[in-house]
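Working notes, structure below.
Below, each value reflects all heavy atoms present in this structure, side chains not excepted, and no hydrogens, waters or symmetry copies. Note that the numbering runs from 1 along the sequence shown for the chain.
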Amino acid sequence: MAIIFVFIALLLGAGAFGTIVVSAKGDEDYRKATRGNMVRLSWIYAALVTFSLLAVGVYIVL
């Protein structure tokens with residue numbers, strides 16, 4: 001069971017890292033045009049991490 005949690009954390013971290021790496025590359029006009037998307041993606045990652053931690057906590061307690 002612990003292996004699954006580690007795998008999920010690594011997968012989530014890899015996705016966040018990949019998003020940041022991709023967003024750092026590219027030309028200036030593209031970065032300006034996609035800034036809003038990056039902000040929304042960052043909020044989605046933050047919400048998913050929070051929800052995942054809460055779900056694991058509830059699972060452990062129950």
Side-chain angles (χ1 to χ4, degrees):
M1 191 64 140
I3 294 172
I4 293 173
F5 292 135
V6 170
F7 178 72
I8 290 172
L10 288 174
L11 190 63
L12 191 65
F17 179 75
T19 302
I20 292 169
V21 167
V22 168
S23 69
K25 296 180 180 178
D27 60 18
E28 189 64 32
D29 292 334
Y30 180 77
R31 276 196 260 166
K32 286 180 183 177
T34 60
R35 182 171 299 254
N37 290 340
M38 290 307 302
V39 170
R40 285 188 290 276
L41 276 174
S42 298
W43 279 110
I44 289 169
Y45 278 125
L48 285 174
V49 167
T50 302
F51 178 74
S52 297
L53 291 174
L54 286 173
V56 169
V58 167
Y59 178 77
I60 290 171
V61 170
L62 297 178

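Shown here are the side chain to side chain donor-acceptor pair (under 3.5 Å) partners of S42, two or more places apart in sequence or in another chain: there are none. By the side-chain contact (heavy atoms from CB on, under 4.5 Å) test, I3 is found to be paired with no residue, residues two or more places apart in sequence or in another chain being considered.
Linking ILVMFWY side-chain heavy atoms closer than 4.5 Å, directly or via other members, places I60 and I8 in a single hydrophobic cluster.
Here side chain to side chain donor-acceptor pair (under 3.5 Å) pairs that include residues 52-62, with residues two or more places apart or in two chains, number zero.
One distance of note links CD1 of I4 with CG of L11; it measures 13.0 Å at 0.5 Å rounding. Taking OG1 from T19 and CG from N37, the interatomic distance works out to 11.5 Å, rounded to the nearest 0.5 Å.
In the hydrophobic clustering, L12 connects to Y45, V49, L53, either directly or through intervening members, whenever side-chain heavy atoms lie under 4.5 Å apart.
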